Amino acid sequence: MFDFLGKLIIERPAGIKMSDSKNDNQFDVVVIGAGFAGMYMLHKLRATGLKVIVLEAGSDVGGTWYWNRYPGARCDVPSMEYSYSFSSELQQDWDWSEVMAGQPEILKYAEHVADRFTLRKDIKFDTRVKSAHYEEAHQNWLIHTEDGTSYESRYCIMATGCLSVTNTPEIPGAENFDGPIYHTGQWPHEGVDFSDVSVGIIGTGSSGIQAIPVVAEQAKHLTIFQRTPNYTMPAYNKPLTSEFREKARANYDQIRADQRASLAGIVGYGFGFGGADLVEPTDTLKNTTPEERAKLVEEQGFGAFRTFLDVGLDPDANEMACEMYRQHLATIIEDPKTAQGLMPRNYPIGCKRPVIDTDYYQTFNRDNVTLVDLRQGGIQQVTSTGVATDQGHYEVDALIYATGFDAMTGALERIDIKGKNGKSIKEEWHAGPRTYLGLQIHGFPNMFTITGPGSPSVLSNMMVSIEQHVDWIADCIGHLEDNQVRAIEPEEQAVNDWILHVNEVAKGSMFTAPSCNSWYLGANIPGKPRIFMPYVGGVGEYRNRCDEIVAEGYSGFTLSK
Ligand code: FAD
Ligand code: NAP
């Protein structure tokens with residue numbers, strides 16, 4: 001059957017789309033994942049007339065915002081900016097209620113987009129993709145799902161998410177725990193009532209830091225098991241006024257243009273953190289005296305070092321900023337031992353993903369909250385009634401794992417992806433992910449990765465990066481279709497050069513400091529190769545490079561008829 005189909009496809013006359021001669025499970029494009037990336041990819045490709053299907057493991061759209069329903073979940077980018085820009089009508093119609101919207105509102109937005117653009121009719125939900133194999137003879141992808149169905153397509157687009165595979169550390173004894181265990185990234189849809197419950201939470205990354213204040217308000221007692229304290233800044237979140245929304249809407253063209261040209265896809269526009277404009281750091285912290293630094297901390301709290309450029313470049317200046325951070329922290333926490341326990345040490349500010357919180361530190365002044373600083377003695381095991389550590393046993397009725405994700409490569413490597421010569425993505429990436437622009441992998445023709453490793457991705461406002469990748473991929477597919485090009489894949493040399501560039505740009509930054517252990521480096525997953533995965537060059541620079549490559553006739557790519 002496939003011989004016949006392959007022949008049919010290869011010989012089809014110019015200008016006729018494959019979809020003209022397809023059975024139910026044959027598509028031009030299979031997109032995997034229906035988060036913001038997969039949703040926009042579907043919308044964009046529909047306009048080309050290609051036959052597209054989206055396969056999604058969840059039961060509805062939204063991806064991250066569908067799965068992460070833990071108390072306190074919200075975005076930490078202003079919602080006027082963390083939203084689609086592709087439809088002017090959509091952005092004019094939608095009202096965000098707060099500077100940084102909570103998960104329920106973002107999920108409603110995703111659902112609204114799905115309704116508005118009738119996306120669901122081309123999305124197959126409750127469908128997890130198990131394998132995707134490139135059929136060289138027919139230059140097609142053969143995709144198998146866990147329910148035993150197979151799909152054939154010419155293009156395979158991975159919109160599987162950078163933070164969609166949860167990391168659940170294997171803590172001995174967890175199977176013997178009498179109470180429920182939750183993961184923030186797989187939160188029950190019906191919610192969890194923690195009233196009169198003693199809760200333990202493991203992990204103090206962005207998810208833990210968001211959940212802790214909200215759970216503490218409800219629970220009988222909350223015990224926080226913290227392995228590494230984080231540097232976290234207050235969000236100053238607040239409701240948006242209609243005047244403000246109107247002003248932003250009137251300026252949307254400029255806001256979007258500035259986002260696209262920026263470093264991180266965020267511009268602020270007075271509706272950034274607490275109404276304070278984002279500042280371009282220019283000063284030198286090392287030129288300040290201890291008295292000047294103390295004064296800055298007194299006047300500006302955690303914002304005291306935000307105007308200093310050398311904090312991000314010079315380890316000594318960075319350590320000065322860390323000390324300023326700790327000084328301010330000590331003024332917030334009433335119990336000196338708890339304050340010491342919360343103080344991050346021995347790694348730089350800016351190595352891990354910045355955390356933005358609401359009332360995080362204030363929560364540790366509550367009577368029903370206990371901090372267990374695991375630096376003083378780690379977790380030994382989970383028992384039937386709680387958590388045993390080297391510092392003693394802590395009784396809890398329920399446990400929350402806020403332990404993060406197998407980021408960037410996790411969702412891709414969970415699928416058995418095989419390219420040319422049957423080579424698997426795991427083999428290709430055994431020493432770390434290798435891509436050209438984070439968009440394609442050598443040896444895997446016509447497969448695209450949205451916000452893949454090697455692109456700005458998780459270092460940016462992801463909506464900006466998602467839209468840029470989707471637009472680029474759709475234009476690329478349009479180009480291939482228009483020119484009867486059968487397949488595109490990057491040259492090996494282009495991949496090598498790009499990886500070299502990604503590493504060069506990251507060198508010397510706090511992201512790659514020797515004392516830094518972040519999920520950007522894969523350091524949170526035992527055995528994962530330590531390599532800095534996203535591209536630090538900025539979304540503006542990166543976009544220009546992607547556009548130049550197209551203007552150069554897809555330089556670095558092989559296009560085969
Ligand atoms: P996802 O939303 O992760 O969607 C991927 C989808 O693919 C999922 O629905 C998943 O079920 C599906 N999938 C994966 N594998 C398979 C498979 N094998 N078969 C079928 N389906 C599959 N970014 C920001 O820029 N700002 C923020 O404030 C922000 N806050 C965040 C808060 C949390 C709690 C988390 C976890 C992430 C946050 N992010 C934030 C990052 C966020 O992931 C992105 O902003 C964005 O939502 C990613 O969209 P996506 O479509 O690329 O991936
Ligand atoms: P994370 O940043 O990886 O944090 C995981 C936490 O769990 C860390 O504190 C880690 O400690 C701890 N941990 C892991 N295994 C442990 C173990 N065996 N014992 C004790 N502690 C353990 O994960 P996350 O908080 O889910 O955030 C992941 C990313 O999702 C964020 O960086 C961000 O990009 C995104 N996110 C964004 C928001 C937002 O504000 N919009 C909210 C949530 C998530 P160590 O540091 O010691 O490893």
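Nothing fancy with the numbering, it's 1 onward along the sequence. All ligand and atom numbering here is 1-based and tracks the order in the structure. These numbers were taken from a predicted model, which means no experiment stands behind them. Below, all heavy atoms of this structure are taken into account, side chains as well, without hydrogens, waters or symmetry copies.
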Under 4.0 Å from ligand 1, counting heavy atoms only, is it the side chain of V458, its backbone, both or neither? neither
Among W65, Y40, W67, which one puts a heavy atom closest to atom 29 (C) of ligand 1? W65
Option among Y542, Y40, F448 that satisfies the ring pair (Phe, Tyr, Trp, His ring centres under 6.0 Å) test with H469: Y542
Check this for me - ligand 1, S164, N or O atoms closer than 3.5 angstrom, yes or no? no
Write out all pairs satisfying salt bridge (Lys or Arg N to Asp or Glu O under 4.0 Å) with one or both partners inside residues 378-392, taking only residues at least two apart or from two chains. none
Could you tell me whether I466 approaches ligand 1 through its side chain, its backbone, both or neither, with non-hydrogen atoms closer than 4.0 Å? side chain
Distance to 0.1 Å, residue and atom name: give those for the protein heavy atom nearest to atom 15 (N) of ligand 1. T160 CG2, 3.6 Å
Is A159 touching ligand 1 with its side chain, its backbone, both, or neither, if touching means heavy atoms under 4.0 Å apart? backbone
Would you say the side chains of T232 and D357 form a donor-acceptor pair under 3.5 Å? yes
closest protein heavy atom to atom 51 (O) of ligand 1 is A37 N, 2.9 Å
Which atoms of ligand 1 have any heavy atom of L55 under 4.0 Å away? 20 (C), 21 (N)
Does E319 come within less than 4.0 Å of R326, counting only side-chain N to carboxylate O? yes
Say whether D416 and H133, considering side chains only, have a donor N or O and an acceptor N or O under 3.5 Å apart. yes
Please round to the nearest 0.5 Å and tell me the distance separating atom CZ of R116 and atom NE2 of H43. 10.0 Å
Output yes when a side-chain donor or acceptor of Y182 lies under 3.5 Å from a complementary backbone atom of A398, and no otherwise. no
Ring centers of F444, Y134 separated by less than 6.0 Å: no
Starting from atom 7 (O) of ligand 1, find the nearest protein heavy-atom neighbour and note its residue, name and distance. G33 CA, 3.2 Å
May I ask you to establish whether R69 and Y66 are in a cation-pi arrangement, using a distance under 6.0 Å from NZ or CZ to the six-membered ring centre and at most 45° from the ring axis? yes
Partner set under side-chain hydrogen bond (donor to acceptor under 3.5 Å, both in side chains) for T363, not counting sequence neighbours: none
Using non-hydrogen atoms of the residue, decide whether F36 is closer than 4.0 angstrom to ligand 1. yes
Return the residue, atom name and 0.1 Å-rounded distance of the protein heavy atom closest to atom 53 (O) of ligand 1. G161 CA, 3.2 Å
Atom CD of residue position E170 - does it have more than 12 heavy atoms of other residues, nucleotides or ligands inside 6.0 Å? no
Could you tell me if any non-hydrogen atom of T184 lies under 4.0 Å from any atom of ligand 1? no
Identified side-chain contact (heavy atoms from CB on, under 4.5 Å) partner of I157 from the options T449, I32, L45: L45
The criterion is side-chain hydrogen bond (donor to acceptor under 3.5 Å, both in side chains); which residues satisfy it with T168, sequence neighbours excluded? none
So which residues, sorted by chain and number, lie with a heavy atom under 4.0 Å of ligand 2? Y70, R74, C75, D76, L163, P169, I202, G203, T204, G205, S206, S207, Q210, R227, T228, K352, R353, A402, T403, G404, F405, W519
Do any heavy atoms of A73 fall under 4.0 Å from ligand 1? no
Taking NZ, NE, NH1 and NH2 as the nitrogens, is one of them in R260 or D471 under 4.0 Å from a carboxylate oxygen of the other? no
Could you tell me whether the side chain of T451 and the main chain of S457 form a donor-acceptor pair under 3.5 Å? no
Counting neighbours of NZ on K108 that are heavy atoms of other residues, nucleotides or ligands and sit closer than 6.0 Å, is the number greater than 12? no
Just need the protein heavy atom nearest to atom 21 (N) of ligand 1, so name the residue and atom and give the distance. A57 N, 3.1 Å
If we set the cut-off at 4.0 Å for heavy atoms, which region of Y66 has an atom near ligand 1: side chain, backbone, both, or neither? neither
Using a 4.0 Å heavy-atom threshold (strictly under), name the region of S460 that reaches ligand 1: side chain, backbone, both or neither. backbone
Ionic contact status for R128 with D147, cut-off 4.0 Å: no
Per-atom contacts of ligand 1 with I415, taking only distances under 4.0 Å to non-hydrogen atoms: 18 (N)
Contact check, I450 vs ligand 1, heavy-atom distance below 4.0 Å: no
Between Y70 and ligand 1, which residue portion shows a heavy-atom distance shorter than 4.0 Å: side chain, backbone, both, or neither? side chain
Should G265 be listed as contacting ligand 1, given a heavy-atom distance under 4.0 Å as the test? no
Side chains of Y252 and S83, heavy atoms from C-beta outward: is any pair under 4.5 Å? yes
Quick check on N346: does its CG atom have over 12 non-hydrogen neighbours (other residues, nucleotides or ligands) under 6.0 Å away? no
Please check whether M462 reaches ligand 1 - meaning an N/O of the residue sits under 3.5 Å from an N/O of the ligand, judged on distance alone. yes
Looking only at non-hydrogen atoms, the one of N68, T166, N461, V129 nearest atom 17 (C) of ligand 1 is V129
Looking at atom 42 (C) of ligand 1, what's its closest protein heavy atom, distance included? T64 OG1, 3.4 Å
N176-S384 side chain donor-acceptor pair, cut-off 3.5 Å: no
Could you list which atoms of ligand 1 come closer than 4.0 Å to a heavy atom of C75? 27 (C), 28 (O)
Under 3.5 Å between any N/O of E56 and any N/O of ligand 1: does that happen in this structure? yes
Between M463, K130, R353, which one has a non-hydrogen atom sitting closest to atom 40 (C) of ligand 1? R353
Distance filter under 4.0 Å to V77 heavy atoms, resulting ligand 1 atoms: 26 (N), 28 (O)
Give the contacting part of D76 toward ligand 1: side chain, backbone, both or neither, where contact means a heavy-atom distance below 4.0 Å. both
Identity of the nearest option to atom 45 (O) of ligand 1, non-hydrogen atoms only, from F125, Y82, F405, W187: Y82
